[in-house]
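Heads up: the structure comes next, in C-alpha cells.
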Amino acid sequence: MAGCSCGGSAWGGSSSVDYYYGEDGSESEGTETGLREACGVFGCVAANDWPTQLDVAQLISLGLIGLQHRGQESAGIITSHGGSKFRKHKGMGLVSTIFHDDVLKKLHGNLGIGHTRYSTAGGSELVNCQPFDVETIHGRIAVAHNGELINATSLRKQVLNHGVGLSSTSDSELMTQLLALSPPDGEPNGPNWVARIRQLMNQTPMAYALLIMHEGSIYAVRDPYGNRPLCIGRLISHAVYPGEKNGECEGWVVSSESCCFQSIGATYYREVQPGEIVQISKDGVKTLGIVPRESKAPPAFCIFEYVYFSRPDSIYEGQMVYSVRQRCGRRLALEAPVDADLVSTVPESATPAALGYSQQSGIPYIEVLTKNRYVGRTFIQPSTRLRQLGVAKKFGALTENFMGKRIVLIDDSIVRGNTISPIIKLLKLAGAKEVHIRVASPPVKFPCYMGINIPTKDELVANRFDAASLAKHFGADSIVYLTVDGLKAAVTEGIPKNKDNKQHKSLHCTACLTGEYPVDLDW
C-alpha cells in the first residue's frame, strides 16, 4: 500500500554525509504486529545569548534516540547558527550508528531539527532521508515531517507544473517545495512564513506534524485534524532535576513524543494544538495562528498512538500512554472474562494492558515468556532450520510458571497474525493446559493512509476469519478483541476535565478499525 513519507532497516548501517556551509550550497526485525509508525521529528532552540554553550546537535541526537521506536531506517540532523548557513548529516541505520562524536562536533549551532524514519511512501534510500532543505527567496529552509499527505498525487503534479524538480519520491520533499512557493497575495512587507504555512495547510488537510527551520526560528506545525502528535518541552539548567519545573530555561525542544524529554533535562511544556502554527526561538514560544478544520469537523488524533506506536511514558491529551493501555486491559477483562489461572503477555508493549486485565479480573499476572533482545538480521543469518523455529529465536518459555495451567495471553494488537500462532504453539508444547488470547484493541480491518504502514486489506487477518475460525486458525482455546467503544472509553476516560468540570470532547481517528476516514482520500 501507499504509506508515509517518512523509513526500518538495519540494526547498524553505514551513513553518508553532506554538509552545507552557505546559501550557495558551498532492515530491522520490525514489529510483532506488522504495524510500523512512520517517523519521528525533534527540534531544539537554545535560549538566551547566541552563540550558545548548549550542545544542540547532541541534544537532537539524544532526542532522536528516544524516538527510535518510531523509525529505524535512517536519520538526519540539520543545524544552523541562525542564518541560512546549514550544517547537515544524514545516514542509513540507527541514530547511534550515524551520529558519533566526530559528526556531532561538526554540527554545532544555536538551533536545529532532526528526523528518524521508517519508509512507507518513498523507498529505503538515502535520497529520501530527512530533514529536507531547499533554497527560497528568503534564504534556506529545512523541513522534517511525520505523516502522509492524503492528496500527494495532485500536489506533486502542481509542483511539477511550476517547473520545480523533485529529487526524491518522498512527499516530505514535496511539502518543502510547496513552502518555497510564494503565497497568493505575495509578501509586500518581507518574509511571511505564516502565510506560506497557511497556504500549505489549506492545500492539504492531513496528515502531518512539521518542523520548519528558517534563520533563528523553528516553526512547529500540526495538521488541522491533529492526526500526528507534536509537543514542546522546556530545557532546564543542569542544576535542576529534570522532573522539576523551576530553574533557568536553557532552551526549547519540540518532539513527536514527550518520552525523550527527561533524558535530556527537559520538562513537558504543552502539546501543539491541531492546526496550530507555533514559532519557537531564543525568545520563547509563540502561537502565530490556528488553521481551522473544514465545516467544523471534529479532530482526529490517531488512536493507535495509544494502542501501540508510542512509548508508554509519553503524554497525549494530558494523560500518560501507559495509563490508557492499562485501562484498555481493565475494560477487556470486563468485556471478555475467562476462567484461567494466570494472566500474561507477549513482551513487552502489551504489559500495561495485561496488568490492567489482572487487576480487574483478580487473576494473578505471571510472566510466561522471556525475550531475547539481541536477535537481529544483521547479527544472525539463520539456517533453514533456525528460520523454521520462528519465535523460538525471540522468546524463551518460562515453563515452571505455567506448566499445566490455563493462560490468558494479552496482546496489544493483531494485524497479520504471523507471530501469535507460533507463540501459542510454543506455550502449549511447553506445558500450558489452555491458552486464551485477549487483544487490548479492536481488530484492524482497513489500511491507513495517514502515515502508518498497515498491510493491505487482504493481508489483515481479521478480514479472513470470524472470531471462532480465528481461534482455531491460531491454535488458541479462544480469542476476543476489545470493542471499538471499549477502546474509545479507555482513551477518553483519562483526558482531564475543563474549567467547567466537563469532560474534554476529544475525538480520535479509528479509520483502521472502522473504515471511517476523517477526510475524503485523494489517491
What one should report as the nearest heavy-atom pair of L111 and G82 is CD2-N, 3.8 Å

On a heavy-atom basis, the closest approach of G91 and C129 is O-SG, 4.1 Å

Exercise. May I ask you to say whether R70 pairs ionically with E257, meaning some side-chain N is under 4.0 Å from a carboxylate O?
Key: yes

State, with a plain yes or no, whether a side-chain heavy atom of S172 is found less than 4.5 Å away from one of M175.
no

Nearest heavy-atom approach of P183 to Q199 is CA-OE1, 3.6 Å

| Going by heavy atoms in the side chains, are R416 and V461 under 4.5 Å from each other? | no

Using 30° and 60° as the class boundaries, would you call the ring planes of H108 and H81 parallel, tilted or perpendicular? tilted

query = Going through the distances and angles, do Y481 and I414 end up as a side chain to side chain contact (heavy atoms under 4.5 Å, CB included)?
reply = CA-CA 9 Å; Y481 291 85; I414 296 177; 4.1 Å; yes

When rounded to the nearest 0.5 Å, the distance separating CG of L64 from OG of S256 is 9.0 Å

key: Criterion salt bridge (charged side-chain N to carboxylate O under 4.0 Å, His left out) on R331 and E493, from CA distance to verdict   = CA-CA 11 Å; R331 288 193 171 270; E493 180 183 332; 3.5 Å; yes

Output for pair (I141 CD1, D133 CG), nearest 0.5 Å, gives 9.0 Å

- Item | Residue pair I98 / V103, side-chain heavy-atom distance below 4.5 Å | no

Interatomic distance, CG@N146 vs CG@L210, rounded to 0.5 Å, equals 9.0 Å

Practice prompt. Say whether E187 and H138, considering side chains only, have a donor N or O and an acceptor N or O under 3.5 Å apart.
Written response: yes

Value for SG (C260) from CG (L62), rounded to nearest 0.5 Å, stands at 9.5 Å

Report task. Without swapping roles, check the side chain of S61 against the backbone of A57 for a donor-acceptor pair under 3.5 Å. Result -> no

Check: V491 main-chain N/O paired with Q319 side-chain donor or acceptor under 3.5 Å: yes

Hey, mind stepping through Y316 and S310 against side chain to side chain donor-acceptor pair (under 3.5 Å) and telling me if it holds? CA-CA 10 Å; Y316 298 132; S310 299; 2.6 Å; yes

Test salt bridge (Lys or Arg N to Asp or Glu O under 4.0 Å), reference E276, set R198, R222, R270, output is R270

Heavy atoms of L54 and E250 approach each other most closely as CD2-O, 3.7 Å

Mind checking whether F309 and F304 have parallel, tilted or perpendicular rings, split at 30° and 60°?
-> tilted

Separation between CE (M450) and CE (M206), nearest 0.5 Å, reads 5.0 Å

Item to check | Residues N151, T204; criterion side chain to side chain donor-acceptor pair (under 3.5 Å); working and verdict | outcome: CA-CA 7 Å; N151 57 340; T204 181; 2.8 Å; yes

Rounded to the nearest 0.5 Å, the NZ atom of K85 sits from the OG1 atom of T79 at a distance of 10.5 Å

- Go through E317 and Y306 one step at a time and tell me if the side chain to side chain donor-acceptor pair (under 3.5 Å) criterion holds. CA-CA 11 Å; E317 302 174 306; Y306 285 114; 2.5 Å; yes

- prompt: Mind checking whether L67 and F42 have side chains closer than 4.5 Å, heavy atoms only?
  reply: yes

- Message: Parallel, tilted or perpendicular: which one describes the rings of W193 and H214, with boundaries at 30° and 60°?
- Response: tilted

Next item on the list: Quick one: sort the Y268 and F261 rings into parallel, tilted or perpendicular, breaks at 30° and 60°.
Entry: tilted

Examine distances only and state if a side-chain atom of D171 and a backbone atom of L149 form a donor-acceptor pair shorter than 3.5 Å. yes

Test side chain to side chain donor-acceptor pair (under 3.5 Å), reference R228, set H145, E148, E305, output is E305

message = I'd like to know if the side chain of N48 reaches the main chain of C249, judged simply by a donor and an acceptor atom lying under 3.5 Å from each other, with no hydrogens or angles considered.
response = yes

Closest non-hydrogen atoms of L174 and A152, given as atom of the first, atom of the second and distance, are CD2-O, 3.6 Å

(request) Using atom types as modelled and distance alone, determine if a side-chain donor or acceptor of S413 lies under 3.5 Å from a backbone N or O of S441. (result) no

*asked:* Less than 6.0 angstrom from the centroid, inside 45 degrees of the normal: does K88 satisfy that with respect to the ring of F132?
replied: no

Item checked: Atom CG of D520: over 12 foreign heavy atoms under 6.0 Å -> no

Quiz: residues 278-286 side-chain donor-acceptor pairs under 3.5 angstrom, not counting sequence neighbours:
from : atom 1 : to   : atom 2 : distance (Å)
Q279 : NE2    : S217 : OG     : 2.9
S281 : OG     : D283 : N      : 3.2

**OP:** Side-chain contact test, heavy atoms from C-beta onward, threshold under 4.5 Å: evaluate it for Q203 versus L178 and give yes or no.
**Re:** yes

* Would you mind reporting whether R293 and P299 have side-chain heavy atoms less than 4.5 Å apart? => yes

Of all heavy-atom pairs linking M201 and D223, the shortest is CE-CA, 4.5 Å

Just wondering, do L487 and V307 contact through their side chains at under 4.5 Å, heavy atoms?
-> yes

